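First the structure, in the form of C-alpha cells, and then the observations on it.
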Amino acid sequence: MNWLQLISNKRFGQEQRHSLRHDDRSEFKRDGDRLIYSAPFRRLQNKTQVFPLPGSIFVHNRLTHSLEVSSLGKSLGDDVARRLIDIHPELRGTLFEEIGTIVQSAGLAHDMGNPPFGHSGEKAIQTFFTEDVGLGLRKHVSQPFWDDITHFEGNANAFRLLTHQFVGRRKGGFVMTYATLASVVKYPRSSSLAGDHGKFGFFNAEAPIYEKIADELGIIRLSKPGEPIQYVRHPLVYLMEAADDICYEIMDIEDSHKLRILTFEETRDLLLGFFDAETRQSILDRLDEDEVTDENEQIVYFRACAVGKLEHECVKTFVEHETEILDGTFKGSLIMNIAEPQREAYRRCSEVSYKKIYHSKPVLDVELSGYKIMETLMRTFISAAVHPEKFHSQQLMNRFSSQYDIHSDDLETRIMAVLDYISGMTDVYALDIYQKISGIALPIV
C-alpha cells in the first residue's frame, strides 16, 4: 500500500460531484464537522460507556469517550505525520499531512453504531437470535444475513450508519471521505469470518461499499474472488484503535477511583506503573512543588502523564513498523507492540479492570437491567416485523420514523430496520419505550 493512494478525499456518494466551497476547511475537517452536528453523535451523550448514567458523580459516557478518542487520535496522527514526513520528504505538501484530522474524525465516528447499554446491549441483540425465540428465524433468512445478525457488532453498525442509504436520506448517508470511512473499520472482513471473536467490519448489505472504498484506496485484499470479503486494515485504523485503547483503559481507571471502586493507592500505582522509578519520583516532586494535595487532582495529573506516555510509545511503534503496516503483515494492535515496560503496565491495568471494574456491582447492575430492556425490545419489535399483518404489530411499526424501511415486503429488510431503530436508541429512550410497551408506564401529555 502507498500513502498517496491511501489518503483520498473522494466522497462516498458524491464521487462525480465538485461542489463550490465557501471556506477553507479541508474535506477531512468537513467530515468531523458533519459528525459533530449529527443527531446520532448527539445521542451518544446518553449511551452507557461502562458505568451507570446519570449519577451524582460524573463518569464517562459514549459521547465524552468519543471526544477524548478523537482528541488523542488527532495527536497520534499529527505526530506520526511529522515523523514520517522527515523520513519521506515526498509526502510534504500532500494530503498525508492531514492524517491527524482523518483519525480525529474516525475517533468521533467509531462508537456511533453502538446500541444502548454498552456491550450488554450488543450481546442482547446477538443472543436474541442464538438463544431466544429469534432462533426460529434461521430457516427464513439467508446464511449471510444470519451471520450478520447473530454477530451484531457496533463497529459494523457504525459503517452502516455512515454509508447506508436509509429511506428518505440523500444518497451516501453522511457522504464521508473514503479515507475517513476506511479508518473507522477495525475489522475489515465479512461477518461469516467473525468466528469465535465475533468481530467483523461491515454487514453484507454494505460489503460492496467497503469493497469499492478499499479497492479505490489500494488496501490489500486477502480474500479471493467468490470468498467472503477480507482485507488488511487501512493503516490509520491502528492509530484510531490506539486512541480508543488508551482512552477506555486509562479513563476507566480514573472513573473507578471517583466511584471508590479502586483506592487512591491502587489507582496511583497503576497509572505511575508506566514510568521508571526516576520519572515516577519526578512526577511526585512536581505535585509537591505545585502543592497539589487533593487526591482527585493528583489522579488527574497521573492520568495525563500516563496518556502522554502511551501516546508517545504508540507513535514510536507505528513509525518503527511502518513498512509492515503498509505491507499488511503487522500483527496485533499498536498498544500490544509498544516497549515491554509500558506493555506490562497496560496489561496490569487491563487485568485490574477485568477483575475489579467490569465485574463490579454498579457495572453488573446496569448490564443486567440493560440486557432485560433490550431483550424485551427485541422480542416485541422483531415479532412485529415477522408478523406485520397483526393489529398490534401495526401499532408498533407506526412508531418507526420514515427513514426505517419497516414496511418493506422483504423480511430481512424489516428485521434490519428493527435493528437500526433499536441500536439508535439512547439508554433513557430505550427504558421509556420498554416501560410503555410493557404497560409499566403511561405516556404523560
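What you are looking at is a predicted structure, and each value in this text was computed from that prediction instead of being measured. Just so you know, these numbers use all the heavy atoms, side chains as well, and skip hydrogens, waters and symmetry mates.
- The CG atom of L44 lies 9.5 Å from the OG1 atom of T64; values are rounded to the nearest 0.5 Å.
- Atom CG in N46 sits 13.0 Å away from atom CE in M425 (nearest 0.5 Å).
- No hydrogens or angles considered: a donor-acceptor pair under 3.5 Å links the side chains of S350 and E249.
- Separation of the F318 and Y238 ring centroids does not fall under the 6.0 Å cut-off.
- The shortest side-chain heavy-atom distance between K316 and R83 falls under the 4.5 Å cut-off.
- Within the structure, the salt bridge (charged side-chain N to carboxylate O under 4.0 Å, His left out) test picks out the following pairs touching residues 267-286 (sequence neighbours left out): R286-D290.
- Between Y187 and F202, the distance separating the two ring centers is not shorter than 6.0 angstrom.
- Here the closest non-hydrogen pair linking V292 and Q298 is O-NE2, 3.0 Å.
- By the 4.5 Å heavy-atom criterion applied to side chains, P40 and F174 are counted as neighbours.
- Shortest non-hydrogen contact noted between A385 and I415 is CB-N, 4.4 Å.
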Begin from the C-alpha positions of D33 and K29 and carry the test salt bridge (charged side-chain N to carboxylate O under 4.0 Å, His left out) through to its verdict.
-> CA-CA 6 Å; D33 291 345; K29 179 66 169 63; 2.8 Å; yes
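- Sparse packing is recorded around NE2 of H119, with 12 or fewer heavy atoms of other residues, nucleotides or ligands lying under 6.0 Å away.
- For residues 198-214, every residue pair satisfying the salt bridge (charged side-chain N to carboxylate O under 4.0 Å, His left out) rule, not counting sequence neighbours, is listed here: E15-K212, E153-K199, R160-E206, E211-R221.
- Ion pairing of E227 with K224 is absent here, as no side-chain N (NZ or NE/NH1/NH2) approaches a carboxylate O to less than 4.0 Å.
- When all heavy atoms are compared, the tightest approach of G113 to S423 is O-CB, 4.4 Å.
- With a 4.5 Å cut-off on side-chain heavy atoms, F200 and S190 do not count as touching.
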Side-chain donor/acceptor pairs under 3.5 Å, residues 301-313, sequence neighbours excluded:
residue: R303; atom: NE; partner: E254; partner atom: OE1; Å: 2.9
residue: K309; atom: NZ; partner: E313; partner atom: OE2; Å: 3.3

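- Distance alone, capped at 3.5 Å, is enough to place a donor-acceptor pair between the K47 side chain and the N114 backbone.
- Of the possible donor and acceptor atoms, one in the side chain of T267 sits under 3.5 Å from a partner among the backbone N and O of T263.
- Y421 and F381 have perpendicular rings, their planes meeting at more than 60° on a 0 to 90° scale where under 30° would count as parallel.
- In this structure, Y231 has its ring center closer than 6.0 angstrom to the ring center of Y210.
- Using modelled atom types, one side-chain atom of N61 and one backbone atom of L63 make a donor-acceptor pair closer than 3.5 Å.
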Taking it one step at a time, do D148 and S191 satisfy side-chain hydrogen bond (donor to acceptor under 3.5 Å, both in side chains)?
-> CA-CA 5 Å; D148 282 351; S191 57; 2.6 Å; yes
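- Two residues are said to be in side-chain contact when any heavy atoms from C-beta on lie closer than 4.5 Å; K356 and E266 meet this criterion.
- Formation of a donor-acceptor pair under 3.5 Å by the N155 side chain with backbone atoms of G201 is not found in this model.
- The ring-ring contact (aromatic ring centres under 6.0 Å, His included) search around Y178 returns none, not counting sequence neighbours.
- Scanning all heavy atoms of the two residues, the minimum distance from A194 to H151 falls at CB-CD2, 3.8 Å.
- In this structure, the separation between CD1 on I382 and CZ on F129 is 4.0 Å, given to the nearest 0.5 Å.
- At distances below 3.5 Å, not a single donor-acceptor pair connects side-chain atoms of T180 with backbone N or O atoms of M176.
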Compile the donor-acceptor pairs under 3.5 Å between side chains in residues 97-112 and protein atoms, sequence neighbours left out, one pair per line.
residue: E97; atom: OE2; partner: G93; partner atom: N; Å: 3.1
residue: E98; atom: OE1; partner: S26; partner atom: OG; Å: 2.6
residue: S105; atom: OG; partner: F28; partner atom: O; Å: 3.2
residue: S105; atom: OG; partner: G32; partner atom: N; Å: 3.2
residue: S105; atom: OG; partner: T101; partner atom: O; Å: 3.3
residue: H110; atom: ND1; partner: G107; partner atom: O; Å: 2.7
residue: H110; atom: NE2; partner: H65; partner atom: NE2; Å: 3.4
residue: H110; atom: NE2; partner: D244; partner atom: OD1; Å: 3.4
residue: D111; atom: OD2; partner: R62; partner atom: NH1; Å: 2.7

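- When side chains are defined from C-beta on, F117 does not count as touching Y371, because their heavy atoms never get closer than 4.5 Å.
- Here the straight-line distance linking atom CG of L161 with atom CZ of F41 works out to 12.5 Å at 0.5 Å rounding.
- Ionic pairing of D78 and K74 is present here: one or more N-O contacts between side-chain nitrogen and carboxylate oxygen are shorter than 4.0 angstrom.
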Apply salt bridge (charged side-chain N to carboxylate O under 4.0 Å, His left out) to R82 and D86, showing your working.
-> CA-CA 7 Å; R82 280 192 290 269; D86 288 340; over 6 Å; no
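- Side-chain N or O atoms of D327 include none that pairs as donor or acceptor with a backbone N or O of T329 at under 3.5 Å.
- Expressed to the nearest 0.5 Å, how far OH of Y404 lies from OG1 of T413 amounts to 15.0 Å.
- Between the CZ atom in R348 and the CZ atom in F274 there is a gap of 8.0 Å [rounded to 0.5 Å].
- The salt bridge (charged side-chain N to carboxylate O under 4.0 Å, His left out) analysis of residues 330-340, with sequence neighbours excluded, yields the pairs E340-R343.
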Show your reasoning for whether salt bridge (charged side-chain N to carboxylate O under 4.0 Å, His left out) applies to K123 and E367.
-> CA-CA 10 Å; K123 197 67 178 175; E367 287 188 349; over 6 Å; no
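- Side-chain contact check for R189 versus P228: every heavy-atom pair is 4.5 Å or farther apart.
- The backbone N or O of L67 sits nowhere less than 3.5 Å from a side-chain atom of S71 that would complete a donor-acceptor pair.
- No donor-acceptor pair under 3.5 Å is formed between the side chain of H257 and the backbone N or O of I299.
- Residues P115 and I125 have side chains in contact (heavy-atom distance under 4.5 Å, counting atoms from C-beta outward).
- Under a 3.5 Å cut-off, the side chain of E241 and the backbone N or O of L334 do not form any donor-acceptor pair.
- Side chain of S38 to backbone of L35: a donor-acceptor contact under 3.5 angstrom is found.
- Residues H234 and L6 meet the side-chain proximity criterion, which asks for heavy atoms closer than 4.5 Å.
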